[in-house]
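What follows is a single structure, written as structure tokens, with notes after it.
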Amino acid sequence: MESIQLTRLLSSSKSSTFASPTGLTFRPSYRLSFDQFLKRSLPNGKLKVVRSEKSGNGSVEEQKHAVRLDLDRDVSGSVIGLNLIPTSGDHEVINTKVYVATVTKDKDDEIKKEKVETRVTYNIVFVTAEAAPYSKTGGLGDVCGSLPIQLANHGHRVMVVSPRYLNGSSADENFAHVLDANKRIKLQCFGGEQEIAFFHEYREGVDWVFVDHPSYHRHGNPYGDSHGSFGDNQFRFTLLCHAACEAPLVLLLGGYTYGEKCLFLVNDWHAGLVPVLLASKYRPHGVYKDARSILVIHNLAHQGVEPVASFKNLGLPSNWYGALEWVFPTWARTHALDTGEAVNILKGAIVTADRILTVSKGYAWEITTVEGGYGLHEILSSRRAVLNGITNGIHVSEWDPSSDKHIPFCYSTSSLSGKVQCKTALQQELGLPIKPDCPLIGFIGRLDYQKGIDLIHWAIPELMEADVQFVMLGSGDPLYENWMRSAENTYRDKFRGWVGFNVPISHRITAGCDILLMPSRFEPCGLNQLYAMRYGTIPVVHATGGLRDTVENFNPYAEEGSSEGIGWAFSPFTKDSMLNALRTAIRTYKDHKSTWEGLMRRCMQKDFTWENAALQYEQVFEWAFIDPPYIK
Ligand SMILES: Nc1ncnc2c1ncn2[C@@H]1O[C@H](COP(=O)(O)OP(=O)(O)O[C@H]2O[C@H](CO)[C@@H](O)[C@H](O)[C@H]2O)[C@@H](O)[C@H]1O
């Protein structure tokens, strides 16, 4: 069987940068390598046929992206078609409407199936404090490391801008293939000119762009070290935002810039100055008039709040203070003379971005409530018309029990035996008694207030009375790190606490455990429960935000025993409610083996690919460009 893609350029969508059709350009899908393109004109002269053969494992082969489609004209000068040619030099790309037809042929060359879909492609610029595998402290890194690749697979031109962190550890190896882009620029902020350099790697169809500055080179993680958060984080992420606004204008990637008509996807407060800069610094000078920005909120608890005096450092016109202005309620002030005034970067992004997204539908609603809005619920409610929730996907090839290189035995729905082997191997690795039938419960995550770690702390004495084993992997609050160490001594045969951040171990725990516990106080989406399900590990979660959206409660008595549930979502947020859910899960595991296997299979069959989410993102992109910029 071979697959042929027909790509036809029909029209530009709102090509305001290029007044006449002669300016139309199209950047072909990154899924196809240049050498695989076969140019063919159809009789009407307007259709080009592009042929692609994928490699055996379905992966993409070598890609060259300095490619331009030039216009074919008839003698009168009218456009009649397109030519595909290699190109170099500065070249602006605008949005195009691409009709993609997939035709499947059998060996006798008979057409069996034809599927035609319309896609508008965009120049997308992610701005983020972390992007895996280069940098990751949590789910933000996962999302910004995988969603861009999916969008590039859909034919969009995608750049991800994040800092080039170097901390002198083996993690620096993650940047081994990142090269100096030979572009230094000076940014106006913090009382003078700050010089930064751009680095770049083109990988999996995405331009990974890194902002380099000495303040990104230090021990610790992207935000802090063992002494706490870095004191100059506002400076470090202000640089990121200024640099990200310049990158589409100044960086020649694959021979041409991204240009002004791009879509900024601004992730969390670290990137929050981008929409404020677009509105205050660029648009008044006629730049980025056709760009749009979408704020993606992964965690509202962190807002980038600093003293008012720091406003002058941000490189914003002074009359824009109001956008970032923030006054703490009286109860949150520290002393009688504290006026509560501050600058809040996330708030600035909420009031200037064209649209707002969060990482699940449930969380999109929660942040408009007093309980979930962290003081921003009223502002967020006022923008409800442009606020949407899209549940994250996961990197399904990185998290795949049938091929995971971090786990000792692979398995799949058709052969589950590897799972119990992963479990006994994990028990052995952790020095726990090897008991294949003893329910093994896992927790992976940051040890902080959000993750409900206090609930686990209070529940452990009761839980340890049952015939169970418990393993925790996490770092964060030193109080809980020390508690994990001491609990190991108290429950030698039942409890293990691994303090640290370790990706291979997180895979082994995900595969080896029977149950994954996530008692998060709030959870915008949550990825660990999705990874767990893919590995047939049943989630027990607090029914909040994305956890409630993704973990359908299993009720053995519902629907005459054929409940489609895939885990347990407990509520309210109390120790007893969590223990009840865990006891039900443990009982089901021990006494109802076939029910448990059904749960495992249903979990593993769930579709958490990025494909689903990417289509929803594309819908929101379209809406963003239908409306004029929120702040003109
Ligand atoms: N000690 C450790 N060792 C190894 N790996 C570890 C680890 N601790 C955590 N991880 C990994 O970090 C990621 C955590 O992702 P989550 O989505 O669960 O939470 P996080 O709160 O960071 O993300 C925020 O952003 C994401 C993305 O939008 C939202 O899903 C989430 O709700 C929101 O709080 C997972 O890949 C997990 O395996």
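Counting starts at 1 for both ligands and their atoms, in listed order. These figures come from a predicted structure and were not determined experimentally.
Classified by interplanar angle (parallel below 30°, tilted 30° to 60°, perpendicular above 60°), the ring pair Trp399/His507 is parallel.
Every heavy atom of Gln529 sits 4.0 Å or more from the atoms of ligand 1. In this structure, Tyr363 has no heavy atom closer than 4.0 Å to ligand 1. Ligand 1 is approached by Gly500 to a heavy-atom distance shorter than 4.0 Å.
Remark: ligand 1 atoms within the under-4.0 Å shell around heavy atoms of Arg446 are 20 (P), 21 (O), 22 (O). Near Asp142, with a cut-off below 4.0 Å to any heavy atom, the atoms of ligand 1 are 13 (C), 35 (C), 36 (O). Close approach of ligand 1 to Pro524 is summarised as follows: ligand atoms under 4.0 Å from at least one heavy atom of the residue are 32 (O), 33 (C), 34 (O). Which parts of ligand 1 touch Asn392 is read off a 4.0 Å heavy-atom cut-off, strictly below it: atoms 27 (C), 28 (O), 30 (O). Proximity to Glu523 (heavy-atom distance under 4.0 Å) selects the following atoms of ligand 1: 31 (C), 32 (O), 33 (C), 34 (O). Residue Gly445 has at least one heavy-atom neighbour below 4.0 Å for each of these atoms of ligand 1: 8 (N), 9 (C). The distance from ligand 1 to the heavy atoms of Val359 drops below 4.0 Å at these ligand atoms: 28 (O). Those atoms of ligand 1 with a heavy atom of Lys451 less than 4.0 angstrom away are 18 (O), 19 (O), 20 (P), 21 (O).
Atom 15 (O) of ligand 1 has its nearest heavy-atom neighbour, among Gly546, Ala132, Gly545, Gly139, in Gly139.
Here Glu429 does not pair with Arg496 in a salt bridge; the nearest charged N to carboxylate O distance is not below 4.0 Å. A salt bridge between Asp454 and Arg521 is present, with a side-chain N of the basic residue lying under 4.0 Å from a carboxylate O of the acidic one.
For ligand 1, the polar-atom distance check finds an N/O of Leu527 within less than 3.5 Å of one of the ligand's N/O atoms. Between Gly526 and ligand 1, at least one N/O pair is under 3.5 Å apart. At least one N or O atom of Asn528 sits closer than 3.5 Å to an N or O atom of ligand 1. Residue Val503 has no N or O atom closer than 3.5 Å to an N or O atom of ligand 1. Of the polar atoms of Cys525, at least one N or O is found under 3.5 Å from an N or O of ligand 1, judged by distance alone. When only interatomic distances are considered, the shortest N/O to N/O separation between Val143 and ligand 1 does not fall below 3.5 Å. Here's the thing with His298: one of its N/O atoms is less than 3.5 angstrom from an N/O atom of ligand 1.
Two rings, from Tyr258 and Tyr122, have their centers 6.0 Å or more apart.
Defined by atom type and a distance below 3.5 Å, a donor-acceptor pair is missing between the side-chain atoms of Arg218 and Asn167. Side-chain contact check for Tyr165 and Asn221: no donor-acceptor pair (N or O, by modelled atom type) lies under 3.5 Å. Remark: the Gln605 side chain and the Arg601 side chain contain no N/O donor-acceptor pair separated by less than 3.5 Å.
The side-chain contact (heavy atoms from CB on, under 4.5 Å) check on Lys419 picks up Tyr411, Thr537, Met600, with sequence neighbours excluded.
Ranking protein heavy atoms by distance to atom 10 (N) of ligand 1, first place goes to Phe501 CE1, 3.7 Å. Protein heavy atom nearest atom 12 (O) of ligand 1, with residue, atom name and distance: Gly138 CA, 3.4 Å.
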- Item | Derivation and outcome, side-chain hydrogen bond (donor to acceptor under 3.5 Å, both in side chains), residues Tyr223 and Arg236 | CA-CA 10 Å; Tyr223 314 109; Arg236 299 164 78 234; over 6 Å; no
- Message: Pair Glu523, Lys451 - check salt bridge (Lys or Arg N to Asp or Glu O under 4.0 Å), show working.
- Response: CA-CA 8 Å; Glu523 196 60 79; Lys451 301 294 175 185; 2.9 Å; yes
- Just do the salt bridge (Lys or Arg N to Asp or Glu O under 4.0 Å) check on Glu366 and Lys361 with the steps written out, would you? CA-CA 9 Å; Glu366 282 174 16; Lys361 285 190 176 55; over 6 Å; no
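Among Trp483, Phe443, Tyr449, Phe470, the one residue that satisfies the ring-ring contact (aromatic ring centres under 6.0 Å, His included) test with His457 is Trp483.
Heavy atoms of Asn502 found under 4.0 angstrom from ligand 1 belong exclusively to the backbone.
By the 6.0 Å contact criterion, CD on Gln619 is enclosed, its count of non-hydrogen atoms from other residues, nucleotides or ligands being greater than 12.
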